[in-house]
Every structure is written in structure tokens, then in C-alpha cells.
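A quick write-up on the structure given underneath.
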Amino acid sequence: MIQEIQIYNTLTRQKEVFEPLVPGKLGMYVCGPTVYGPPHLGHARSAITFDLIFRFLKAIGYKVRYVRNITDVGHLVADADEGEDKIAKQAKLDELEPMEVVQKYTNLFHHSMELLNVAPPSIEPRASGHIVEQIEEVKKILKSGYAYESNGSVYFDVEKFAAENEYGKLSGRKIEDLISNTRTLDGQSEKRSGLDFALWKKAQPEHIMHWPSPWSEGFPGWHLECTAMSCKYLGETFDIHGGGMDLTFPHHEAEMAQSKASHGKDAVHYWMHNNMITLNGQKMGKSLGNAISLEEFFSGNHPLLEKAYSPMTIRFFMLQAHYRSTLDFSNEALQASEKGLERLMKALAKIDSLPVSDSSSVKIEELAQNCFSAMADDMNSPIAMSYLFEGVKIINSVSDGNTNITPSDRDALKQLFHTLVVDIFGLKAESQAEAGNTEVLTEVVDLLMKLRLEAKANKDWATSDKIRKELTAIGFDIKDTKDGASWELKK
RNA sequence: GGUCGGUUGGCCGAGUGGCUAGGCAGCGGUCUGCAAAACCGUGUACGGCGGUUCGAAUCCGCCACUGACCUCCA
């Protein structure tokens, strides 16, 4: 059942035949969201990319343990000069407890993921719930000699590590370049080198979230949680580590170094990175202030959006591009996806009622093979999708009586569509009305009110009263004023 | 400045030496009371300039434009 697949490994910069550490089983760790703000399209891309990978690996027979963390501690505010905890900063603005902020955005994230039909990971650990494990990692790294304590904080000694190990390989950086890049701005910092990164940071008074440790009351370094949690749930070595491309440096580079320093060996076999979403050719990101939240997409409530886009439209839109390519957002592209998705789902719904014949004039097996081969080639969902649309053409053609298929081919077609569209792509039927529910409802009622107005103008009181009576019965409140009629839904 | 990537038809987006990607839009047709849907047909796209080759969107070089990362930014 398990077929050979190729995966692009960021570490080697090429596609490699995937070989699991344990036959038939697979461990995958993906960097999840930092829950200090509403989830946006970028979060969706990463989540959908690895959801696709998770679903595909399961579909071809792997037993997968998928770990995706929630980062709820230790990240800095982009525009804060003093290294204030990102979550603490937001908490002050909202006048909420830090954990309240974390909970709020975690819930929002989960809600959006559910709407996008992103399957929950096997384990979703929180950084704040693994402080003990992180402290243990710091101890191990100190013991191995690749870290030093300075003024209550603990830093990773990058230059010492790089002298004996590869550092910069994942992100294609040379240690000498990095040194020359940072040397200039280094002064009287508590770090020995500008390259060094914190493993444990002593909390300043403005930090609300802090924990006791052997070194100080503080919080864990920004890269440590992934090392600690991946090790805890997947072991010292595991198959796949994923995340957004923007995390390769320094985050994943630091993780690699930490793991090696702590456990004496490389933790990750395959590094996978999804590319960014762009908006007018520029990266969409929280720090740039151009991120459109998922909620805004679903409601259409954003100046850049011409209309609301359903979660499935967003999902389909992403699947139409390869995960390693940038994907440029536009209303036009999204609307094209909306229509394409509709066509695909309509065809899917039609399969059961397709007429059958004694012979087939199409090759379903070949089509299925093509779809799976495309997915096996580094998750090439756009290619798989293009074959699926060949299937759509077949379905419609059979439905119109222009093409014949046998009962067994119809079954094969049904199985293909269910496996690929429903199980792997994670697309599900959703009515148009659901997407822009209120918007559509408003237009419909406005239309009825207009008809009623016309009836009144013609003194067709029977019709006008009927419309008002029926609408009232449904639950609407209709009021005629001298400025015209108004309505509202009483529910 | 350093490192790595991208530039494909109206839009999005695959494709890495010869063989139609696909979706959306457009155009023509079939069907239809009209429309929609569906089906059939239709598009001589590969940033520029050179080079390699029998043959290049695909390989090489140069140039242009553009993006990401490089900052105690995740």
C-alpha cells in the first residue's frame, strides 16, 4: 500500500526518496502559530500545507504522529525596543491576563482551522506547558559546553558550536558571513557574540510571564520549545520537521544546533518549508501590517476584499499552487478558485447518479495513477488537481450521455474522488449561501421588498400584503414609514 | 551589501531539452422558451540579449525587474 514518495528536503536542497526511520510509521513536527493575534492567511497556508501532507501520508498507509505546537510564551514584540514579551505587550493593550490573550487567540485559531477543515494534529503541545522540559534542555546544553550563563540568562555559543559542527547549512549561510554581519553592532551586550541566541532569558520587571529556573526568574528562549517538545513526543530523531519558509533562519537553524548540542545527533531527517502568501507581490505578515485575517476573509469585511470567501475557497486556492511556490493573493484569483471549486464539488456529487454501460471509453485507473503519482512527487497538488479536472470532464460528459463508463469504472471514479478530494484535499461541500449568508439574505429580502413596493405602486394590495404577511410569519419585522419600508430579522 | 529564490498567455498557476498542464475569464458552437449549468471547438505564453544544441520556456552567460531571509523579527 505504501508507495514510494519524494520529498524536497530544505537541508539538501533537492527532492529525496522518503525513507521513514521506522517502517510504516512517521513522526512529523510543525511549527504552529504564536497566539498573540488573530490567525491570517499565512497561518492558513502552513496549516493547510501540512494538513495535506498529513492526510496524504495517512492515505497511503503510514501511521503518522503529527505534532504541531502552540507558541504561547517567549516571543518578542516586533516593534518593541526592549525585548518585551510579545504576549505580555498585547496583554497590556487589551488589559487582559496574558493567558487570557493566549486562550482567546488559541480558540480563534482552532475555530478557523475547523472551518478550513484542517484536521487536528495528533498532539498539540503548548510551550507554556513544557517549561520543565525546556529547562532540562538548557541544562543539557550547558553540560555539553555549548552554552554559557550571563547575568541570569543562558546563551547558546554559536561560534563554538560552529567550530565543531555545521551551522548555517539549513539556511545556506556561512558562519563567517554571519559573523561579519553582526560584529559591527555588538557592544557591551551580555552575549559573547551577536550570533548567540538565548536559551533562557531573565525576566525584566515588565514581563508578566515568567517561571523559576536555576539561573533566574525568567522565560525560555525563542527557539527552545520546538527542540524540547519534538524530542518529548517524537524522540531525539524523527522524520519530518515543517514550518513556514520564514522560519528557516534563524529559528530552525537554531533548533538544529540546539538538538545536536543537547542530544549529540541531528534530530530531523527531512526539513519541509511552505512558501509565503504574497499580497501585491509582497509577503503578507503580521509585522508588515498587511495581513488579512481569516475571519475577514470569511466575512468579506476588509477594504481589499470585494466579497466574502468561504473557507473551502481559501483551501482550494492554496491547493491549486504548489506549497513551495509563493502564492499571490487577489480577488480575481480567489473568485476563479471559487468557481473551480464549485465545478469540482458538483461533479463529485454527480458520480452516484451517473448512467453506466457495458464498456468504458475512458481510463479511470490511469487517471487515479496520475493523481497519486503527482502527490507522491513532493505533494504536487496542482498537478493532481489538473488530473482531477479531467475526471470532472469525464463525469459531466457521462452525465450528458456523450461518454460511456462501466459500473466498475464508476466505482473507481467514486473512490478516486472520495480519496483525493475528500480525504486528501480535505474539501467538503458547502453551499454558497453558507459563505455569504447574511449578505445573500439581505439581497433576497431587499428584492422582496422591492416587489412589494411595485405591487403597492400598482395598488395591488393583495400581493403587497401577502409579502408582508409571509415575511412576518417567517420572523421578519416589516415597517412602512414615510421614507419607505424597512425590515429586520427578529431572531 | 551578503545568501537564496522568482519573472509563463487577460488573471491565477503547473511544467526543466522535442510530445495539449489545469482552473477562471474571453471567443465560436451544441443544448435551451430565455438564461444558467454542461458539452465541443478556440488561445502560436514562456522578462531582455547572447550562447550551447538538429531542437530551449526548460542548459550556460550577461543584463533588467522583483521577492524572501540576513536586525535579540518569529
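Throughout, a chain's letter reflects where its sequence line sits, starting with A, and its residues are numbered from 1. Because only heavy atoms are used, hydrogens play no part in the values below, and waters and symmetry mates are left out as well, while side chains stay in.
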Quiz item: Among B:rA14, B:rC72, B:rC24, which is the nearest nucleotide to the side chain of A:Ala336?
Solution: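 It is B:rC24.
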Quiz item: Nearest to the side chain of A:Ser386, which nucleotide is it out of B:rA21, B:rG23, B:rC12?
Solution: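 Closest nucleotide among those given: B:rA21.
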Take atom [atom1] in [N] and the same atom in [M], then report the distance between them in whole Å.
{"N": "B:rG5", "M": "B:rC60", "atom1": "P", "value": "11 Å"}
{"N": "B:rG23", "M": "B:rC34", "atom1": "P", "value": "27 Å"}
{"N": "B:rU32", "M": "B:rA37", "atom1": "C1'", "value": "11 Å"}
{"N": "B:rU20", "M": "B:rG6", "atom1": "P", "value": "25 Å"}

With a 4.0 Å cut-off on heavy atoms, is [X] in touch with a base, just the backbone sugar-phosphate, or nothing at all?
{"X": "A:Phe249", "result": "base"}
{"X": "A:Leu327", "result": "sugar-phosphate"}
{"X": "A:Ala321", "result": "sugar-phosphate"}
{"X": "A:Lys393", "result": "sugar-phosphate"}
{"X": "A:Thr326", "result": "sugar-phosphate"}
{"X": "A:Ser325", "result": "sugar-phosphate"}
{"X": "A:Asn380", "result": "sugar-phosphate"}

Practice problem: Side-chain contact test, heavy atoms from C-beta onward, threshold under 4.5 Å: evaluate it for A:Trp215 versus A:Lys139 and give yes or no. | Solution: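 Result yes, sub-4.5 Å side-chain heavy-atom pair found.
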Practice problem: Could you check if a side-chain atom of A:Tyr8 sits within less than 4.5 angstrom of a side-chain atom of A:Tyr323, using non-hydrogen atoms only? | Solution: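 Heavy-atom side-chain distance check passes, below 4.5 Å.
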For [N], which nucleotide in any strand shown is its Watson-Crick or wobble partner with both distances under 3.5 Å?
{"N": "B:rU20", "result": "none"}
{"N": "B:rG1", "result": "B:rC70"}
{"N": "B:rG26", "result": "B:rU42"}

May I ask you to verify if any side-chain N or O of [X] is less than 4.0 angstrom from the OP1 or OP2 atom of [N]?
{"X": "A:Arg324", "N": "B:rG6", "value": "no"}
{"X": "A:Arg343", "N": "B:rA37", "value": "no"}
{"X": "A:Asn396", "N": "B:rC39", "value": "yes"}

Self-check item: Spacing of A:Ser213 atom OG and A:Lys202 atom NZ [to the nearest 0.5 Å]
Solution: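 Reported value, rounded in 0.5 Å steps: 10.5 Å.
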Quiz prompt | Interatomic spacing from CZ in A:Phe50 to CE in A:Met272 - rounded to 0.5 Å | solution =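 Going from the CZ atom of A:Phe50 to the CE atom of A:Met272 covers 6.0 Å.
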Quiz prompt | Closest-nucleotide 5' rank along RNA chain B - winner of A:Asp328 and A:Asp400 | solution =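 Here A:Asp328 is the residue nearer the 5' end.
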Quiz prompt | Residue whose closest nucleotide on RNA chain B lies nearer the 5' end, A:Lys15 versus A:Leu247 | solution =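 Its nearest nucleotide lies further toward 5', so the answer is A:Lys15.
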Nearest-Å distance for atom pair [atom1]/[atom2], residues [X] and [N]:
{"X": "A:Lys174", "N": "B:rC4", "atom1": "NZ", "atom2": "C1'", "answer": "11 Å"}
{"X": "A:Lys339", "N": "B:rA25", "atom1": "NZ", "atom2": "C1'", "answer": "8 Å"}
{"X": "A:His322", "N": "B:rG22", "atom1": "NE2", "atom2": "P", "answer": "19 Å"}

Self-check item: Six-ring centre of A:Tyr309, A:Lys307 cation under 6.0 angstrom, axis tolerance 45°
Solution: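 A:Lys307 over A:Tyr309 ring: yes.
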